[in-house]
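As the structure lists them, so they are numbered: ligands from 1, and atoms in each ligand from 1. What you see is a predicted model; the values in this text were computed from it and never measured. Scope of the values below: all heavy atoms of this structure, side chains included, with no hydrogens, waters or symmetry mates.
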Amino acid sequence: MSQAQDPSTLVVSLGRPARSPDSPLNTPIVPASSFIAGGEWGYARYGNPTVDALEQTLGVLEGGTAVAFSSGMGAAHAIVDSFDGARILLTRPGYAGVQHLMTKHSPRFELTRIEANDHDALRAAAAEHDLVWLESPTNPLVEEVPLADIAEITHAHDGVLVVDNTFATPLLQRPLSFGADYVLHSVTKMLSGHSDLMLGAVVATDPDRINELREARIVLGAAPSAFDAYLALRGMRTLALRVERAQESARILADRLREHPAVRRLRYPGFGSMLAIEVHGTPADADQVCAHTELWANATSLGGVESLLERRRAWEHEDQLVPETLIRLSVGIEHVDDLWNDLSNALNRVQS
Ligand SMILES: *Cc1c(COP(=O)(O)O)cnc(C)c1O
């Protein structure tokens, strides 16, 4: 076909074996640590055909070349590894694991953290750093950061921009098209979509950066398993359907939550399937809400077919900028009325 296909088609059609009589429709799981010498893989930390199929699919969706890792954190670590001694700008609050990685390793580079919602400070600081690391929408406050602006400022000063695109997925936002140099994914979340594996990826376009990422995977030992790559690709086949459904439900839930007397503040960027609410009362009241849903599960993580909620500050390492009564909601694909009935019942326990 000569015309460019829609991402909802590509996510179904890519990463499959060449068509010949009796070739399988799906990429086989190749559980090999070692390959006969003389080919492109050799050893599974360097590459694997099942992992290749996942990388090919995600690379096209984001508009670059993907390198897969055993987790999103493995992928994040691989990027950071290339920036020893650099001045790094990181927005906060953000995904707690990345914040921890950066603050723990900060002696290796100069780290500045700036509040993600202070866009003026962010623009000013972007001009003075070698590496700018953004999430948009952010975790867990679901705030949008002006990606295109920051990309322009960063590049005008020869800086490099990383965008964590885990929340939006390439169906809703393609950071490379805004000028990002690296796109980070926790494939564990929305992309794979079934809360049954851990996997990460980085997508880039510069061949030197792609080689550095592959090298980092080899030396960090953060290679994904063929089985997990297979599951991730299988999950991605329904990405467009899941995103569409969850996004529509999130929109409806946002409208209803805004009116609920127990909700002090709703945070919703207007797209995607992540929401956050602050409830009236104390952290214990918020815990009561999380403890009394029957359909929504009180569990960490996000982006699965099943709806999850959690009070983020229940985690010791969560940023102090995150309100104590904030509950993060990951909307799944259950019927929106069932989700609402369950959630509003639990919220009714909170006195406004
Ligand atoms: C989960 C997550 C990560 C880390 O990914 P893992 O697969 O858990 O290692 C990074 N960024 C964001 C935004 C995440 O939600």
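- A salt bridge is absent between Arg245 and Glu248: the closest approach of a Lys/Arg side-chain nitrogen to an acidic carboxylate oxygen does not fall below 4.0 angstrom.
- Between Gly72 and ligand 1, at least one pair of N/O atoms sits closer than 3.5 Å.
- The side chain to side chain contact (heavy atoms under 4.5 Å, CB included) test with Leu329 singles out one residue from Leu257, Leu308, Val142, and that residue is Leu257.
- For an aromatic pair to be called close, the ring centres must be under 6.0 Å apart, and Phe35 with Trp41 satisfies this.
- From the protein, the heavy atom lying nearest to atom 8 (O) of ligand 1 is Met198 CE, 3.5 Å.
- When hydrogens are left out, the protein atom nearest atom 1 (C) of ligand 1 is Lys189 NZ, 1.4 Å; that is the closest non-hydrogen contact.
- Under 3.5 Å, the side chains of Glu310 and Asn298 contain no donor-acceptor pair of N or O atoms.
- The protein heavy-atom contact nearest to atom 4 (C) of ligand 1 is Tyr95 CE2, 3.3 Å.
- At the top of the distance list for atom 11 (N) of ligand 1, counting protein heavy atoms only, stands Asp164 OD2, 2.6 Å.
- The NE2 atom of His260 sits 12.5 Å away from the CG atom of Leu266 when rounded to the nearest 0.5 Å.
- Below 4.0 Å from some heavy atom of Met73 lie the following atoms of ligand 1, by number and element: 4 (C), 5 (O), 6 (P), 9 (O).
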ask   = Please walk me through it: do Thr112 and Leu90 pass side-chain contact (heavy atoms from CB on, under 4.5 Å)?
value = CA-CA 6 Å; Thr112 312; Leu90 175 66; over 6 Å; no
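- Closest protein heavy atom to atom 7 (O) of ligand 1: Thr188 OG1, 2.7 Å.
- Under a 4.0 Å criterion applied to the non-hydrogen atoms of Asn139, ligand 1 contributes the atoms 15 (O).
- Within ligand 1, the atoms closer than 4.0 Å to a non-hydrogen atom of Ser71 are 7 (O), 9 (O), numbered from 1 in the order shown.
- A distance-only check finds a donor-acceptor pair linking the side chain of Arg174 to the backbone of Leu61 [under 3.5 Å].
- Atom 5 (O) of ligand 1 has Ser186 OG, 3.0 Å as its closest protein atom, hydrogens excluded (heavy atom only).
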